[in-house]
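Report on the following structure.
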Amino acid sequence: MSGGLDNAYSIASPADCLRVYRDWAESYDAGFAAGMDYLLPAHVARAFLAAGGTGPVLDVGAGTGLLAERLVGMGFGGVIDGVDLSPEMLGRAREKAIYRDLVQADVTAPLALAGGYAGIVSSGTFTHGHVGPEALPHILALARRGAQVAISVNTGVFAAQGFAAVLEALPIEGLQLIEVEIYGQAARSMDPAHAGDHALVALFRKA
Ligand SMILES: C[S@@+](CC[C@H](N)C(=O)[O-])C[C@H]1O[C@@H](n2cnc3c(N)ncnc32)[C@H](O)[C@@H]1O
C-alpha cells in the first residue's frame with residue numbers, strides 16, 4: 001500500500017492527479033481505506049458536527065465519498081454536495097447516492113458553483129502533492145457568512161506550505177487546529193512508513 005500513498009504524495013500536476021486517482025478509484029475504499037483503518041474522514045465529520053455544522057455542505061476533494069458517509073453515519077441529515085478533480089473518484093461517490101450534486105473541478109482555481117453553503121468539509125485533500133492553501137479563498141467564496149468549516153491539513157504540509165499565513169488573512173473567526181491521527185492500528189502492518197501520519201483539522205467560521 002505504500003505504493004498508493006507514495007504515488008499520491010508525489011503528484012506534481014493536475015494530469016498526474018487524474019492518472020493516479022483514475023487507477024486508485026476502484027480499490028480506494030476496500031484496499032486503502034479499509035486496509036489502513038483510515039480515520040481522517042470520521043475525525044473531520046465529528047469535528048464539524050460537534051461545532052454545530054449544518055447543511056447545505058460542500059465536501060472539497062470528495063473522492064469516493066467517505067466523508068459524506070461518515071457524516072450520514074453520525075446522524076447528519078442535511079444536503080451534501082461534492083467537488084473533486086477525478087471523474088473516477090466521483091463515479092464511486094455517485095454510486096453511494098449520498099450527494100445531491102457532484103461536480104468535477106479543480107479547487108485551486110475560482111469555482112463556478114452556486115455557493116451559499118452553510119458548511120464546508122474536506123478530508124485528505126490538503127496534503128503532499130495535492131491541494132495547497134491557495135485553494136482556501138476559492139472555497140470560502142462558496143460559503144455563506146457564519147458558515148462552519150472543517151478541513152484537514154496534513155501536518156507535513158501545514159507549515160511548509162504556509163497554511164497559517166493564508167488562514168490568518170482570510171475573513172474567518174474562531175480558528176481551532178485539532179491534531180488527529182490519520183490512520184488506525186491496521187496501518188502499522190500495511191504501511192509502517194505512513195502509519196503514524198497526523199493531520200490538523202482546521203475548524204473555523206466564515207466571518
Ligand atoms: C486522498 S483523496 C481524499 C478523498 C476523500 N476526501 C477521503 O478522505 O477519502 C484526495 C482527493 O483530492 C482530489 N484532488 C486532488 N487535487 C485536487 C484539485 N486540485 N481539485 C479538486 N480535487 C482534487 C483527488 O482527486 C482525490 O479524490
Side-chain angles (χ1 to χ4, degrees), residues 1-48 57-73 80-96 98-99 101-113 119-139 142 149-154 156-157 161 180-184 187 191 194 197 199 201-202:
M1 179 46 52
S2 111
L5 276 179
D6 286 343
N7 275 343
Y9 282 0
S10 60
I11 285 171
S13 67
D16 259 4
C17 180
L18 286 167
R19 180 183 50 75
V20 164
Y21 282 100
R22 177 199 65 203
D23 296 344
W24 208 6
E26 192 173 335
S27 66
Y28 186 90
D29 284 11
F32 164 70
M36 292 289 281
D37 188 12
Y38 179 48
L39 303 174
L40 193 54
H43 285 309
V44 173
R46 198 172 296 114
F48 178 75
V57 171
L58 179 66
D59 181 2
V60 176
T64 62
L66 294 177
L67 176 48
E69 283 189 284
R70 298 300 174 266
L71 281 170
V72 169
I80 310 174
D81 291 340
V83 58
D84 198 284
L85 190 61
S86 164
E88 289 83 7
M89 294 292 273
L90 288 173
R92 298 305 306 270
R94 196 166 287 115
E95 288 167 5
K96 295 175 181 173
I98 297 174
Y99 294 90
D101 289 328
L102 286 166
V103 175
Q104 188 201 0
D106 181 345
V107 300
T108 62
L111 292 155
L113 276 73
I120 306 274
V121 296
S122 181
S123 65
T125 300
F126 293 88
T127 188
H128 303 278
H130 285 56
V131 176
E134 72 278 8
L136 293 175
H138 304 312
I139 292 163
L142 300 174
V149 181
I151 288 176
S152 79
V153 183
N154 188 294
V157 302
Q161 295 191 4
V180 296
E181 293 183 341
I182 301 178
Y183 307 107
D191 184 353
H194 296 293
D197 287 1
V201 179

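Whatever order the structure lists them in is the order used to number ligands and atoms, beginning at 1. Everything quoted here is computed from the prediction, not taken from an experiment.
In terms of N/O distances under 3.5 Å, ligand 1 is approached by Tyr38. For ligand 1, one of its N or O atoms has an N or O atom of Gly61 under 3.5 Å away.
The heavy atom nearest to atom 9 (O) of ligand 1, considering only Tyr28, Phe126, Phe32, is found in Tyr28. Between Ser123, Ala135, Gly63, it is Ser123 that holds the heavy atom closest to atom 6 (N) of ligand 1. Looking at Asp106, Asn154, Asp84, Val83 and measuring to atom 11 (C) of ligand 1, the nearest heavy atom belongs to Asp84.
Residue contacts with ligand 1, taken as heavy atom pairs separated by less than 4.0 Å, involve Ala62 solely via the backbone atoms N, CA, C and O. Under 4.0 Å from ligand 1, heavy atoms of Val107 appear from its side chain as well as its backbone.
Atom CD of Glu26 has 12 or fewer heavy atoms from other residues, nucleotides or ligands within 6.0 Å.
Below 4.0 Å from some heavy atom of Gly124 lie the following atoms of ligand 1, by number and element: 1 (C), 10 (C). For ligand 1, the atoms sitting less than 4.0 Å from at least one non-hydrogen atom of Pro41 are 8 (O), numbered in the order shown with element in parentheses. Distances below 4.0 Å separate heavy atoms of Ala105 from the following atoms of ligand 1: 20 (N), 21 (C). Shown in contact with Cys17 at under 4.0 Å from a heavy atom are these atoms of ligand 1, numbered in order with element: 15 (C), 16 (N), 25 (O). In summary, the atoms of ligand 1 found under 4.0 Å from a heavy atom of His130, numbered by their order in the structure, are 10 (C), 15 (C). Ligand-side atoms of ligand 1 in range of Ser86: 25 (O), range being under 4.0 angstrom from any heavy atom. Counting atoms of ligand 1 from 1 in the listed order, those under 4.0 Å from a heavy atom of Val131 are 16 (N), 17 (C), 18 (C), 19 (N).
Here the closest non-hydrogen pair linking Tyr99 and Gly82 is CD2-N, 3.7 Å. Nearest heavy atoms, Phe126 versus Val157: O-CG2, 4.1 Å. Here the closest non-hydrogen pair linking Leu111 and Ala105 is CD2-CB, 3.6 Å. Closest heavy-atom contact between Leu39 and Glu181: CB-O, 3.9 Å. Of all non-hydrogen atoms in Leu67 and Asp59, the two that sit nearest each other are CD2-OD1, 3.6 Å.
Remark: Glu88 CD to Asp23 CG distance equals 8.0 Å, nearest 0.5 Å. In this structure, CG on Asp29 lies 10.5 Å from OH on Tyr38, to the nearest 0.5 angstrom.
At a threshold of 4.5 Å between non-hydrogen side-chain atoms, the residues Leu66 and Lys96 count as touching.
Judged by the shortest distance from any of its heavy atoms, Ser122 lies outside the 4.0 Å radius around the atoms of ligand 1. Not a single heavy atom of Leu40 lies less than 4.0 angstrom from ligand 1.
Nearest protein neighbour of atom 22 (N) of ligand 1, counting heavy atoms only, is Leu85 N, 3.1 Å. Distance from atom 10 (C) of ligand 1 to its nearest protein heavy atom, with residue and atom name: Tyr21 OH, 3.5 Å.
Side-chain contact check for Thr108 and Asp106: at least one donor-acceptor pair (N or O, by modelled atom type) lies under 3.5 Å.
By the 30° and 60° cut-offs, the orientation of the rings of Tyr28 relative to Tyr21 is tilted.
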